[in-house]
4 protein chains.
Amino acid sequence: MATVTPPTRPALRERYERRRREVIATAARLFAQRGFQATSMSELTEATGLAAGGLYHYIESKDKLLISICDELLDPLLERAREIVAEPAPPAEQLRALLHAWLAHIAGHRDHMLVFAQERHVIEREPQWRRVRGRRKAFEQLLDDVLVRGEADGTMHFEDRGFALLTLLGMVNYTPQWWNPRGRLGPEQIADGYCDLILRASASA
Amino acid sequence: MATVTPPTRPALRERYERRRREVIATAARLFAQRGFQATSMSELTEATGLAAGGLYHYIESKDKLLISICDELLDPLLERAREIVAEPAPPAEQLRALLHAWLAHIAGHRDHMLVFAQERHVIEREPQWRRVRGRRKAFEQLLDDVLVRGEADGTMHFEDRGFALLTLLGMVNYTPQWWNPRGRLGPEQIADGYCDLILRASASA
Amino acid sequence: MATVTPPTRPALRERYERRRREVIATAARLFAQRGFQATSMSELTEATGLAAGGLYHYIESKDKLLISICDELLDPLLERAREIVAEPAPPAEQLRALLHAWLAHIAGHRDHMLVFAQERHVIEREPQWRRVRGRRKAFEQLLDDVLVRGEADGTMHFEDRGFALLTLLGMVNYTPQWWNPRGRLGPEQIADGYCDLILRASASA
Amino acid sequence: MATVTPPTRPALRERYERRRREVIATAARLFAQRGFQATSMSELTEATGLAAGGLYHYIESKDKLLISICDELLDPLLERAREIVAEPAPPAEQLRALLHAWLAHIAGHRDHMLVFAQERHVIEREPQWRRVRGRRKAFEQLLDDVLVRGEADGTMHFEDRGFALLTLLGMVNYTPQWWNPRGRLGPEQIADGYCDLILRASASA
DNA sequence: TATGAATGAGCCTTCATTCAT
DNA sequence: CATGAATGAAGGCTCATTCAT
């Protein structure tokens, strides 16, 4: 009980937080490679160098660990996205900025993204995932808002805006499955590629 | 061992095959909802109405069952795709036909697709999945071939053909996550939507 | 899930119930000797001759097993007690009959009684123990009723009836801690001894 | 090892002893409520306000802590009992004095008594409990001696002295399960009640 | 074909205890 | 004196699979 109580003294606290992030990152890597359920806690302890019980200083449970991975993925992204849409730029520019931020985030959190995608069924069903679901929804809403503003100011014309958004989500969410850091394309280029595709679609109606 | 010996007499055989397909479909549904690993065989027996042992008349193992689900997804799709590209039609038309067949297949195998997507890490890593990996690769190759022929005959111009293909794969593979049969869009419209998007991109370079 | 589903076919069902009772009896013995918490499930599997998982065909969980032990203790005793008080006999005779039945039951369920006593703190606190608590309370109420009737018809006179009842409960409940089947005193003698003590107390006021 | 080294300087020593007694009392309370095994050391640290390691300055181990609880229960009681029987009073008076001392002690150590009772199986079996067992035995022997002297001087007549003693032990040991300090009956009244019951029994033969 | 009892390895987690600080 | 990170054995339980019936 109350195993996961971060220390209150600043020095210890900082070390604790650092290690916790390491644990989460390691877990994300393993889960992405082998699947969440297929990864045993003992594989995780081996990978972290901690012993069975030691791990539980930093996490509450395997399930909560999964949630933490998703939080680390969504929270900063959503925050950045909110900054972007708060600035007074034209919709098309905002869309491009959002995509740049998004793809950059994906490039830095490939494992997190893969885990997030493949554990879709858990996220969708269980009540303790409500917050995560809300964050994802909020991010998608932000994207849609930009498209709406684009239609409003006459710079974008979609035959079916909802469908366009889903198309975009599909492309982007699929990216971590093929992208790798040593590949030909960087996140910026990919973001531009997606952006061009959508804007071109919005120009034709 | 060798529990799975389909009967040889035609009448029995047919019933056997029908039940086997039912089992696979039920499994696909459960796996899609709860995840492959998270679904226990006893949940599956409950859903099929069979008892623990009875199930094993129709499947060899849980893993083989997963492979069967993917086979039911990929085999007919690949076959149909080969027919399409064997016909003497211009690339753009073939692409549209492929997308129509593909989306129609997805509409009829949503659960299979979801399972296929979320078990990516297994499919990618284990040796017994070679055949499945080969089929997927073959299908993607067929798509690429069409684009190549489009470039060759001057009807398509891609800035980056590989990227375009990945974009397309992303959109399509994401579809089962949002599409539902009672929704506004049917598989044909979606296929057309994707096709237009790609062709428009290929027209602009 | 649904591990504990007794078979429906009568023949199997009977064997199942018999084995289940064996498991419960074995568990009662071990728990009485070593304590509930201190007895591991693997000690129990060893004692039953079943393997780890096989045990769980007959029980839902270790906790539920504890409840079953108490049920096997209280249910038949309460039933018998109700029969006794339903008969039209004078209170003193009923009291004696109750004590005879009670002590006979204890003699046949010494382990159950010891477990019941030493797990008092669980029984008292947890909600899933409500039914067991209710049964115990009901039995004690039956005893008190007899004393009340004894006072009513003028054959018993207690200075403090509640205290007399507690005294009786103390004696009886302590019995399993010292009694053994090969000892000098049989359950009938013990019952008579307790009965005489109480009746003598009730005669003096 | 040898963590438990009480300080030698008197002032520190006193504070140390006080805290140690607090720890034992807190432990007794928790163990009585939840059971010994079911209470984790971390629950105990939380209740004492100490951290994991700090606790071990005051106790050697969880098991030794249990022994300490029983020592705190039995040692002063046995000492007091010896004083009582050392005085030159008639057996019946000594018995009453013993019961008064006993019940007063129980009233002040309800938690200790409950723990002592419910951990019977440990006390009975393990070698390191020999001393505790000896104390209990010694106390019971003292009681029996008084009854023997009562029989010897003709003031008591038991049909079965051993049985009478067990009856008494049952009543008294059961007391902590129902008595509470805010109840109607004080320890003296209870002691008198028990004493009267036994003496009345001893008068009738 | 089908049943369901049985297996046993392996799962996640807890917990008493130690020790560097 | 006290902290809290860390250990690692053991805990209860699950689950894919087998096999006598």
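In what follows, chains are A, B, ... by sequence order, proteins preceding strands, each numbered from 1. These numbers come from the heavy atoms of this one structure, side chains and all, not from hydrogens, waters or symmetry mates.
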Full working for side-chain contact (heavy atoms from CB on, under 4.5 Å) between C/Ile69 and C/Phe31: CA-CA 10 Å; C/Ile69 289 172; C/Phe31 293 167; 3.6 Å; yes
First of C/Lys62 and A/Leu55 reached from the 5' end of DNA chain F, by closest nucleotide: A/Leu55
5' precedence on DNA chain E between A/Gly54 and C/Gly54 (nearest-nucleotide basis): C/Gly54
Gap between atoms CD and P, on B/Glu60 and F/dT17 respectively (whole Å): 10 Å
Exercise: do C/Arg20 and C/Ser68 side chains pair donor with acceptor under 3.5 Å: yes
A/Tyr58 side-chain proximity, nearest of F/dA16, F/dA6, F/dC13: F/dA6
Whole-Å distance separating the CZ atom of D/Phe36 from the C1' atom of E/dC15: 12 Å
Strand partner of E/dA9, provided both Watson-Crick or wobble distances fall under 3.5 Å: F/dT14
Rounded distance (Å) that lies between atom P of F/dA10 and atom CZ of C/Arg34: 16 Å
Side-chain (C/Arg133) to main-chain (C/Ile123) donor-acceptor, under 3.5 angstrom: yes
Side-chain N,O (B/Arg19) to OP1/OP2 (E/dA2) below 4.0 Å: yes
Listed nucleotide nearest any side-chain atom of B/His57, set E/dT3, F/dT17, E/dT18: E/dT3
Most 5' of D/Asp63 and A/Glu43 on DNA chain E, judged by nearest nucleotide: A/Glu43
Euclidean distance, atom CD1 of residue D/Ile59 to atom P of E/dT18 [Å, nearest integer]: 10 Å
Per C/Leu50 side chain, nearest of listed nucleotides E/dT17, E/dT7, E/dT1: E/dT7
CD (A/Glu14) with more than 12 external heavy atoms under 6.0 Å: no
Counter-base of E/dT21, judged by Watson-Crick or G-U geometry with both distances under 3.5 Å: F/dA2
Residue whose nearest DNA chain F nucleotide is more 5′ - B/Ala52 or C/Ser61: C/Ser61
For F/dT7, the Watson-Crick or wobble partner whose two distances fall under 3.5 Å: E/dA16
Given F/dC1, E/dT17, E/dT1, the nucleotide with the shortest approach to the side chain of D/Tyr16: F/dC1
Residue-phosphate contact under 4.0 Å: D/Arg15 side-chain N/O, F/dC1 OP1/OP2: yes
A/Met41 CE - F/dC13 C1' separation (whole Å): 17 Å
Length of the line joining C/Leu65:CG and F/dG12:P, which is rounded to integer Å: 11 Å
Candidate nucleotides E/dC15, E/dG4, F/dA5, ranked by approach to the side chain of D/Ser40 - the nearest: E/dC15
Nearest listed nucleotide, side chain of C/Tyr56, among E/dT18, F/dT14, F/dA16: F/dT14
Selection: residues 117-130 of chain B, any non-hydrogen atom under 4.0 Å of DNA chain E: none
Sugar-phosphate, base or nothing in reach of D/Thr48, heavy atoms under 4.0 Å: nothing
Where C/Ala52 and C/Thr45 come nearest, the two heavy atoms and their spacing: CA-CG2, 3.6 Å
Pair B/Arg34 + B/Glu43: basic N to acidic O under 4.0 Å: yes
Side chain of C/Ala51 (C-beta onward), nearest among F/dC13, F/dA16, E/dT7: E/dT7
Heavy-atom closest pair, residues B/Val132 and B/Ile67: CG2-CG2, 4.3 Å
Gap between atoms CD and C1', on C/Glu14 and E/dG4 respectively (whole Å): 17 Å
Partner of C/Asp71 by side-chain hydrogen bond (donor to acceptor under 3.5 Å, both in side chains), out of C/His112, C/Arg131, C/Lys64: C/Arg131
Integer-rounded Å distance: F/dA16 P and B/Glu46 CD: 13 Å
Residue that, paired with C/Gln118, satisfies side-chain hydrogen bond (donor to acceptor under 3.5 Å, both in side chains) out of D/Gln118, D/Glu119, D/Arg120: D/Arg120
Touch class at under 4.0 angstrom, heavy-atom based, for D/Thr45 against every strand present: nothing
